[in-house]
Visitor: 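Starting off with a structure, shown below.
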2 protein chains.
Amino acid sequence: MASIREVARLAEVAPSTVSRALNGSGYVAEETKEKIREAVSELDYVPNQWIRNLYRKKTGIIGVLAPELIHPYFSVLWSYLENELHRHGYNMMLCNTSGDPLIEREYLDTLKRNLFDGMIIGAAFLPDENYTEMEKPMISLDRIIPGIPLVTSDHVQGGRIAAEKMIEAGCRKVLQLSDPEAKTISSSKAGTEFIRKMEEDGAEVITEGFTWNEVIHYPKAMERARTILAAYPELDGILANDLCAAAFLKISHEMGIHVPRELKILSYDGTFITDFNYRTLSTIVQDMESIAQNAVEALLKLMNHQPLVKREVFVPVYFKEGDTL
Amino acid sequence: MASIREVARLAEVAPSTVSRALNGSGYVAEETKEKIREAVSELDYVPNQWIRNLYRKKTGIIGVLAPELIHPYFSVLWSYLENELHRHGYNMMLCNTSGDPLIEREYLDTLKRNLFDGMIIGAAFLPDENYTEMEKPMISLDRIIPGIPLVTSDHVQGGRIAAEKMIEAGCRKVLQLSDPEAKTISSSKAGTEFIRKMEEDGAEVITEGFTWNEVIHYPKAMERARTILAAYPELDGILANDLCAAAFLKISHEMGIHVPRELKILSYDGTFITDFNYRTLSTIVQDMESIAQNAVEALLKLMNHQPLVKREVFVPVYFKEGDTL
């Protein structure tokens, strides 16, 4: 097999220049790079994809920071993202942080060591500078991080439609599962707008926070639903993500509360699980396919040093009729 | 930055020897490798993880061929696999083949180009030789491929327990969704054993094949359930995977068929979605965590050239009581 010296000889440059070009470190004139490329190709110097990618400064891999793989919202989103990346010739490395900042930090370090061409941030539990210091093409899917383009659902619209539908259904005292303190999370805007609109119409909104565990573990979500329904017997409506809404529907049946006559339930996400119970959940649908397409499109532009028309993309949501409103 | 020549000079070997060691091509004596390692380290020659991995002949990445990311059986399995690989210091690259042999072929080519240290085959739609020719550490999770270790549920036990439970519940004419032609698929043994045991007890089993679409797309599964329940009004039992069983439960309610009085439903997989309807599905549970642990343990042994005690691991399944039997 050819050595780096033979490549240098054929390209008529110093071996250290070949090394610089291969490592993408330091300046090498474009004309010189071209000569090195030809020599590498002629001598079949590059034995495998990895070095070839280094030479092109590309790995063909996009890292995706994912907090979770199982919750239908995430599994559907990762599936669409994978399809979309594959369609553009990229592989997806799914980095499951399990919502743990330490694991996330480890993955960010991997990214720093040049393993990826770009990254999609689907989980972000660290201070902003952990992301902004990366100097890599990155797109965020929910967390608002200064300097990093955002692709997310139009959650203000989502909150407004949710309120309109619940008012229309006659709700006067509803409970929403939300985390209104998380001001840097785009999806929390749904809750804020929901409250504003409900109160504007004279309805009462109780907000209950939730733990990460309750959002992703169905048995925990059922337990929480049981506690809440026992604590607030006067509620006439619930707004919650798909998995928690499914838990409320199930527990209502168990407790003998008729849905929708005594309690209306509106879910937020609109994945396939809204269709799993004997009553189909009425839902606000996030267009995951469009989010994936927009995120990959923006990331490819960043990677190719093309300008983004918009630094923030808000994908419209829509209401899907079910049996629970 | 140091050049390969400087490394060679310090290690007192020829640059081509350094190149051979870095590329893992051709013979380099262990003592010489050690000297090169020291020189590389002293000169800080290795600028990034990729070259360092090449040098160690490791990438730290395990490829997982996945047919699907959304079906709860798969999303739960990939989640456990990811946790287990991460625990051992490996990243997981999830390659979603969407059940398409062409996409799978593309991913296998990526694997050939040295991108992975090993692979877990969760989807396999190509002839055996596509896998056996790889000469990489590999574990198969369902498909029986000569020469490749298998880690899977004990589906013979699963089929037997399913039959016992349905006989016990009084079923005399049941329908199972299965693909009995797929003789190379370990999970198809559940259906074969189920039929044998049911017929031994004098019950009748109707087997209906299914398309991939019906297994993974809930609306398709519901459509199929509707067709089947209309075509076989005399059925008193259904055995189907979680998602299809959920569809049968939902459609039974819609058609006014009482579960379990008129129709018993037993699901096979036992993921969290068995708990989504007003009635909890009785289910045969596959221990996905143990499958993931066994698969990763076997793969690590292969990668470290350690012998496997067993070339086939069958993880026990168990019955979980619900409201549908």
Side-chain angles (χ1 to χ4, degrees), chain A residues 1-6 14-16 18-20 23 25-26 47-54 59-61 68-72 74-76 78-79 82-83 86 91-96 98 103 106-107 110 113-115 217-219 222 246 249-250 253-254 272-273 275-280, chain B residues 1-6 14-16 18-20 23 25-26 47-54 59-61 68-72 74-76 78-79 82-83 86 91-96 98 103 106-107 110 113-115 217-219 222 246 249-250 253-254 272-273 275-280:
Chain A
M1 204 190 63
S3 74
I4 204 167
R5 245 171 41 182
E6 292 171 74
S16 59
V18 176
S19 171
R20 274 211 312 282
N23 294 318
S25 63
N48 78 29
Q49 179 72 4
W50 288 56
I51 294 184
R52 198 176 298 129
N53 277 329
L54 279 176
T59 66
I61 299 175
E68 229 274 319
L69 306 185
I70 299 174
H71 189 293
F74 292 120
S75 65
V76 170
W78 310 144
S79 183
E82 207 270 358
N83 287 343
H86 183 264
N91 288 155
M92 171 172 97
M93 179 133 57
L94 205 48
C95 306
N96 181 11
S98 302
I103 298 182
E106 269 181 59
Y107 277 124
T110 309
R113 291 195 305 265
N114 278 323
L115 267 171
H217 290 130
Y218 191 63
M222 286 198 290
L249 181 56
K250 165 117 182 167
H253 187 271
E254 185 189 294
F272 61 103
I273 66 162
D275 230 2
F276 270 23
N277 205 312
Y278 70 114
R279 290 194 198 288
T280 298
Chain B
M1 204 190 63
S3 76
I4 204 167
R5 247 170 43 180
E6 292 171 76
S16 58
V18 177
S19 171
R20 274 212 309 284
N23 294 318
S25 62
N48 79 30
Q49 180 72 2
W50 288 57
I51 295 185
R52 198 176 297 128
N53 278 329
L54 279 175
T59 66
I61 299 177
E68 230 275 319
L69 307 184
I70 300 174
H71 189 294
F74 292 119
S75 65
V76 170
W78 309 145
S79 182
E82 206 271 358
N83 287 343
H86 184 262
N91 288 153
M92 172 171 95
M93 178 134 57
L94 204 47
C95 307
N96 180 12
S98 302
I103 298 182
E106 269 181 57
Y107 277 124
T110 308
R113 292 195 305 264
N114 279 322
L115 268 171
H217 290 131
Y218 191 64
M222 286 200 289
L249 181 55
K250 164 113 183 171
H253 188 271
E254 183 189 296
F272 62 102
I273 65 161
D275 230 1
F276 270 23
N277 205 313
Y278 69 114
R279 291 195 196 287
T280 298

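Just so it is clear: chains get the letters A, B, ... in the order the sequence lines come, proteins before strands, and each one is counted from 1. Only this structure's heavy atoms are used, side chains among them; waters, hydrogens and symmetry mates stay out.
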Visitor: Check for a donor-acceptor pair, side chain of N277(B) on one end and backbone N or O of F276(A) on the other, with a separation under 3.5 Å.
Guide: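 Yes, N277(B) side chain to F276(A) backbone: donor-acceptor pair under 3.5 Å.
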Visitor: Please find the pair of heavy atoms, one from L94(B) and one from E82(A), that lie closest to each other, and give the distance.
Guide: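 Here L94(B) and E82(A) meet closest at O-OE2, 3.8 Å.
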Visitor: Among P219(A), P72(A), P15(A), which residue forms the greatest number of heavy-atom pairs with chain B at distances under 4.5 Å?
Guide: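 Among P219(A), P72(A), P15(A), the one with the most close pairs to chain B is P15(A).
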Visitor: To the nearest 0.5 Å, what is the distance between SG (C95(B)) and CE (M92(A))?
Guide: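 Going from SG on C95(B) over to CE on M92(A), the span is 9.5 Å.
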Visitor: Would you compute the distance between atom OG1 of T280(A) and atom NZ of K250(B) and round it to the nearest 0.5 angstrom?
Guide: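 It comes to 2.5 Å.
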Visitor: Heavy-atom distances under 4.5 Å only: say whether H217(B) touches chain A with side chain, backbone, both or neither.
Guide: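 Answer is neither: H217(B) stays 4.5 Å or more from chain A.
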Visitor: Check the orientation of Y278(A) and H253(B). Use parallel for under 30°, tilted for 30 to 60°, and perpendicular for over 60°.
Guide: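 Ring orientation, 0 to 90° scale: perpendicular.
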Visitor: Measure distances from F272(B) to the heavy atoms of chain A and classify the residue's part below 4.5 Å as side chain, backbone, both or neither.
Guide: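 Contact with chain A is through both the backbone and side chain of F272(B).
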Visitor: Side chain, backbone, both or neither: which part of Y107(B) has an atom under 4.5 Å from a heavy atom of chain A?
Guide: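 For Y107(B), the contact with chain A is made by the side chain alone.
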Visitor: Considering all heavy atoms of both residues, which atom of S75(B) and which atom of I70(A) are nearest to each other, and what is their separation?
Guide: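 That closest heavy-atom pairing would be O-CG1, 3.7 Å.
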Visitor: Between S98(B) and chain A, which part of the residue has a heavy atom less than 4.5 Å away: side chain, backbone, both or neither?
Guide: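 The side chain, not the backbone.
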Visitor: Give me the atom names and distance for the closest heavy-atom approach of I61(B) to M93(A).
Guide: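 For I61(B) versus M93(A), the nearest heavy atoms are CD1-CE, 3.7 Å.
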Visitor: With rounding to the nearest 0.5 angstrom, report the CG to CG distance, N83(B) to N96(A).
Guide: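 The CG atom of N96(A) is 6.0 Å from CG of N83(B), to the nearest 0.5 Å.
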